[in-house]
Amino acid sequence: MLTSESLHAALTPWYRSHARDLPWRQPSLDAWGTLVSEVMLQQTQASRVAVEIVRWLERWPTPRDLADAPTHEVLRQWGSLGYPRRALRLQETAVAIVERHGGIVPRHVDSLLALPGVGEYTARAVAVFHFGDRHPVVDTNVRRVIARAVRGQGEAAPAAKRDLHEVEALLPRDSHDAAIVSIALMELGALVCTARAPQCDECPIRSQCAWIAAGSPPYEGRRAARQAKFAGSDRQARGRVMKALRASDMPVPLSDIALEWPDDDQRARAVESLVGDGLAVREGDSLRLPH
DNA sequence: AACACGGGGTG
DNA sequence: CACCCAGTGTT
């Protein structure tokens, strides 16, 4: 049986001895650095973010710095981290923080949630990991650990609002202890209770795990949607166009873009959607990054 | 609730 | 090669 007390008791020493040394875990990191890290970590692996976050914060250490940067440089620096709309939203967030909060990252979840590109996960991650407030922080790792340890299921069901309440019920009363439980649940999901081949032998909550108790049965319930194939997709086409735009200091002729992605219909959709997203600007017969 | 949205790591 | 990744916004 797993309680908030037993969970905290098992996770705290495990986290202390197993936590990875990642840039966003430096106690000296400020709220802005934490926020930028969390945005980069949205759907991008920690190992890749660990490299880029350092360079990013050296270049734009404060919201004001990023707010004042040329957008084409922001998109170039974002590079191949993926989902470049995040870079646009991050700069918009920097502007919003300057305009609405005097350049200071807000502390409360509601204010954080109001920032572009900041959702349920990111808002709480900043409020908890930087400011030390008490909130459930639910990412894909936490959903999987809870699915197994509490519900005895091999994988997480599709994300839902109820996940927040389920995790909230497992948090210790003390906000500092609650923050440790949250970060440790995420680390456990990343290192031990993994999606593919969980290392149950190494797990600090093995004795409390409902999935182990049930004999580790295969998952029967409704699965979260699988991502569509990337190769040959519209997403890949967009990515290829963006890569060409990042590589050039000048507007890129559409005829050159055609060499990057020969399929006419798909290329047209990619260019159209990138322009619509504000990631690219048409200039005559060329395409360029926004200024 | 279901999709679109990058690109790379991993078994 | 299939699956997965510290999610968010839109429909």
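A note on names: the letters A, B, ... follow the listed sequences, proteins ahead of strands, and every chain is numbered from 1. Values below: every heavy atom of this structure, side chains too, minus hydrogens, waters and symmetry copies.
The P atoms of B/dC3 and C/dA6 are separated by 24 Å, rounded to the nearest whole Å. Nucleotides B/dG9 and C/dT8 are separated by 22 Å at their C1' atoms, to the nearest Å. Taking the C1' atom of each, C/dC5 and B/dG6 are spaced 11 Å apart, rounded to whole Å.
The outermost nucleotides of DNA chain C lying under 4.0 Å from heavy atoms of chain A, listed 5' to 3', are C/dC3 to C/dG9.
Summary of the strand contacts: A/D277 and A/A160 both lie near DNA chain B, and taking for each the nucleotide with the nearest heavy atom, the more 5' one is attributed to A/A160. Comparing A/A197 and A/M242 against DNA chain B, the residue whose closest nucleotide sits nearer the 5' end is A/M242. Toward the 5′ end of DNA chain C lies the nearest nucleotide of A/R48, the other residue of the pair A/R48 and A/Y121 mapping further downstream. Each of A/L22 and A/G117 lies near DNA chain C, and the nucleotide nearest A/L22 is the one positioned closer to the 5' end.
The interatomic distance linking A/R240 (CZ) with B/dC5 (P) rounds to 16 Å, in whole Å. The distance from atom CZ of A/R85 to atom P of B/dG7 is 12 Å, rounded to the nearest whole Å. In this structure, the CE atom of A/M40 is 16 Å from the C1' atom of B/dG8, given to the nearest Å. As a whole-Å value, the separation of A/Q43 CD from B/dG9 P is 16 Å. In this structure, CH2 of A/W78 is placed 15 Å from C1' of B/dG8, rounded to the nearest angstrom. As a whole-Å value, the separation of A/W261 CH2 from B/dG6 P is 12 Å. If you measure from atom CG of A/L75 to atom P of B/dG7, you get 12 Å, rounded to the nearest angstrom. With rounding to whole Å, A/L81 atom CG is found 12 Å from B/dG9 atom P.
The residues A/E155 and A/R226 are annotated as salt-bridged, a charged nitrogen and a carboxylate oxygen being separated by less than 4.0 angstrom.
Put simply, the side chain of A/R134 gets close to the backbone of A/P172: a donor and an acceptor are under 3.5 Å apart.
A/L279 is listed as a side-chain neighbour of A/L75, based on a closest heavy-atom distance under 4.5 Å.
Between the side chain of A/Q45 and the base of B/dG9, no donor-acceptor pair of N or O atoms lies under 3.5 Å. Side-chain N/O atoms of A/R196 and base N/O atoms of B/dG11 include no donor-acceptor pair closer than 3.5 Å. For B/dG6, its base sits under 3.5 Å from the side chain of A/T44 at one donor and acceptor pair at least.
Residue-level contact check: A/G119 touches the backbone only, with heavy atoms under 4.0 Å from sugar-phosphate atoms and none from bases. At a threshold of 4.0 angstrom between heavy atoms, the contacts of A/R269 with the nucleic acid are absent. Contact annotation for A/T122: backbone-only contact, meaning every heavy-atom pair under 4.0 Å involves sugar-phosphate atoms and none involves a base. Nucleic acid contact class of A/R222 (heavy atoms, under 4.0 Å, all strands): sugar-phosphate only. Backbone-only engagement by A/V118 is indicated by non-hydrogen atom pairs under 4.0 Å involving sugar-phosphate atoms exclusively. Nucleic acid contact for A/E120: sugar-phosphate only, since backbone atoms but no base atoms lie under 4.0 Å from a heavy atom of the residue. Residue A/A125 is out of contact with every strand shown, counting any heavy-atom pair closer than 4.0 Å. A/R89 comes within contact range of no nucleotide atom at all, as no heavy-atom separation falls under 4.0 Å. Within the nucleic acid shown, A/P84 comes within 4.0 Å of sugar-phosphate atoms alone, with no base atom in reach, counting heavy atoms only. Among the heavy atoms of the strands lying under 4.0 Å from A/A195 are primed sugar atoms or P, OP1, OP2 only; no base atom is included.
Among the nucleotides B/dT10, B/dC5, B/dG8, the one closest to the side chain of A/R238 is B/dC5.
Rounding to the nearest 0.5 Å gives a distance of 11.5 Å between CG of A/L11 and NE2 of A/H18. The distance from atom CG of A/D133 to atom CZ of A/R107, rounded to the nearest 0.5 Å, is 4.0 Å. Rounding to the nearest 0.5 Å gives a distance of 5.0 Å between CD of A/E120 and CG of A/L113. Note that CZ of A/R269 is 6.5 Å distant from CG of A/D265, once rounded to the nearest 0.5 Å.
Taking every heavy atom of both residues into account, A/H135 and A/R124 meet most closely at CB-CG, 4.1 Å.
For A/R223 and B/dA2, the shortest distance from a side-chain N or O to OP1 or OP2 is not below 4.0 Å.
A/I180 and A/F129 are members of different hydrophobic clusters when ILVMFWY side chains are connected at heavy-atom separations under 4.5 Å.
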